[in-house]
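This report concerns only the one structure given below.
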Amino acid sequence: MTTPTPWYKQFWPWFLLGLLSLAIGVSSTFAVLSVRSFDGMVQEDYYEHGRAINMVLAKQQRANELDLSANLRIDPLTSDIIIQLDGEDRPEQLHLRLIFPTQDDRDQDLTLTHVRDGRYLGQAPDNLRHRWYLQLQPSAEAPAWRLVGEARFPSEESFSLTPGVKQRS
């Protein structure tokens with residue numbers, strides 16, 4: 001009669017323990033990576049931001065009442081921003097906010113100066129790439145109105161900025 005070999009000398013127990021150890025190691029690695037690479041998508045004061053939605057809608061409604069719209073173009077060679085604002089309001093400066101959809105540390109705040117007849121000029125960052133959300137308003141602190149849009153850079157075409165609210169019929 002042959003004596004059975006002890007469990008620690010067989011293949012299958014070590015194979016199963018190896019799979020278990022591998023699963024623990026991979027999940028621990030992902031847990032460490034997720035804690036270290038916080039992306040900032042969920043804001044600390046999300047409740048206050050939720051309550052501010054009505055104020056944002058009121059600003060866009062005000063832009064609709066003033067019949068405001070704008071066309072934005074960024075020259076891909078010189079990075080010059082050219083905005084043509086149409087409507088009843090012509091402030092001396094406009095504030096353009098470029099919002100990157102997934103990383104808030106890439107957001108850009110730019111100031112544009114009125115040149116003539118609703119034309120505004122400014123300077124964009126040189127390496128503007130990918131898709132961005134656009135917000136245009138007359139001041140950075142307490143804007144009276146806001147126009148919104150979306151763009152993909154670099155591009156030769158112009159992008160439309162509108163109040164973003166629908167007219168009630």
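Numbering of residues begins at 1 and proceeds along the displayed sequence. As the structure is a prediction and not an experimental result, all values here were calculated from the model.
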For Leu98 and Leu96: C-alpha separation, side-chain torsions, deciding distance, then whether side chain to side chain contact (heavy atoms under 4.5 Å, CB included) applies.
CA-CA 6 Å; Leu98 301 170; Leu96 176 66; 4.2 Å; yes

One pair to check against salt bridge (charged side-chain N to carboxylate O under 4.0 Å, His left out): Glu157 and Arg73. What are the steps and the verdict? CA-CA 7 Å; Glu157 65 185 69; Arg73 184 178 170 287; over 6 Å; no

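Between Leu85 and Asp89, the closest heavy-atom pair is CD2-O, 3.3 Å. Taking all atoms of both residues into account, the shortest heavy-atom contact from Tyr8 to Trp14 is O-NE1, 2.6 Å. The shortest non-hydrogen separation linking Gly87 to Leu68 is CA-CD2, 3.7 Å. Between Pro76 and Glu156, the closest heavy-atom pair is CG-OE2, 3.2 Å. Residues Gly118 and Tyr120 come closest through the heavy atom pair O-CD1, 3.4 Å. Of all heavy-atom pairs between Leu112 and Gly122, the closest is CD2-N, 3.9 Å.
The CG atom of Asn64 sits 15.0 Å away from the CZ atom of Arg146 when rounded to the nearest 0.5 Å. Rounding to the nearest 0.5 Å gives a distance of 9.5 Å between CD1 of Ile74 and OG of Ser155. The CZ atom of Phe159 lies 9.5 Å from the CZ atom of Arg152; values are rounded to the nearest 0.5 Å. Here the straight-line distance linking atom CG of Leu147 with atom CG of Asp86 works out to 10.0 Å at 0.5 Å rounding. One finds the CZ atom of Arg97 at 8.5 Å from the CD atom of Gln137 (value rounded to the nearest 0.5 Å).
Side-chain contact between His95 and Pro143 is absent, with no heavy atoms from C-beta onward closer than 4.5 Å. Considering only heavy atoms from C-beta on, Asn71 comes within 4.5 Å of Ser160 through its side chain. Inter-residue side-chain proximity for Phe100 and His130 is flagged as met; some heavy-atom pair is nearer than 4.5 Å. Residues Pro163 and Gln61 form no side-chain contact, since every pair of their non-hydrogen atoms from C-beta on lies 4.5 Å or further apart. With a 4.5 Å cut-off on side-chain heavy atoms, Leu72 and Leu136 do not count as touching.
Shown here are the side-chain contact (heavy atoms from CB on, under 4.5 Å) partners of Glu92, two or more places apart in sequence or in another chain: His114. Scanning for salt bridge (charged side-chain N to carboxylate O under 4.0 Å, His left out) contacts around Arg119 gives an empty result, with sequence neighbours left out. Remark: Glu88 engages Leu66 in a side-chain contact (heavy atoms from CB on, under 4.5 Å) (not counting sequence neighbours).
Under a 4.5 Å side-chain heavy-atom cut-off, the cluster of Ile, Leu, Val, Met, Phe, Trp and Tyr residues that includes Val32 has no other member. Taking Ile, Leu, Val, Met, Phe, Trp and Tyr as hydrophobic and joining them when side-chain heavy atoms fall under 4.5 Å apart, one finds Val115 in a cluster with Ile82, Leu121.
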For residues 17-30, which side-chain donor-acceptor pairs fall under 3.5 Å, sequence neighbours excluded?
{"from": "Ser21", "atom 1": "OG", "to": "Leu17", "atom 2": "O", "distance (Å)": "2.9"}
{"from": "Ser27", "atom 1": "OG", "to": "Ala23", "atom 2": "O", "distance (Å)": "3.0"}
{"from": "Ser27", "atom 1": "OG", "to": "Ile24", "atom 2": "O", "distance (Å)": "3.1"}
{"from": "Ser28", "atom 1": "OG", "to": "Ile24", "atom 2": "O", "distance (Å)": "2.8"}
{"from": "Thr29", "atom 1": "OG1", "to": "Gly25", "atom 2": "O", "distance (Å)": "2.8"}

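Ile99 pairs in a side chain to side chain contact (heavy atoms under 4.5 Å, CB included) with only one of the listed residues (Leu134, Val148, Asp109, Asp107), which is Asp107.
Criterion: ILVMFWY side-chain heavy atoms under 4.5 Å apart, direct or through other members. Under it, Ile81 and Tyr133 are not part of a common hydrophobic cluster.
At distances below 3.5 Å, not a single donor-acceptor pair connects side-chain atoms of Trp145 with backbone N or O atoms of Pro138. In this structure a side-chain-to-backbone donor-acceptor pair under 3.5 Å is missing from Glu65 to Gln60. Side-chain N or O atoms of Gln84 include one that pairs as donor or acceptor with a backbone N or O of Asp117 at under 3.5 Å.
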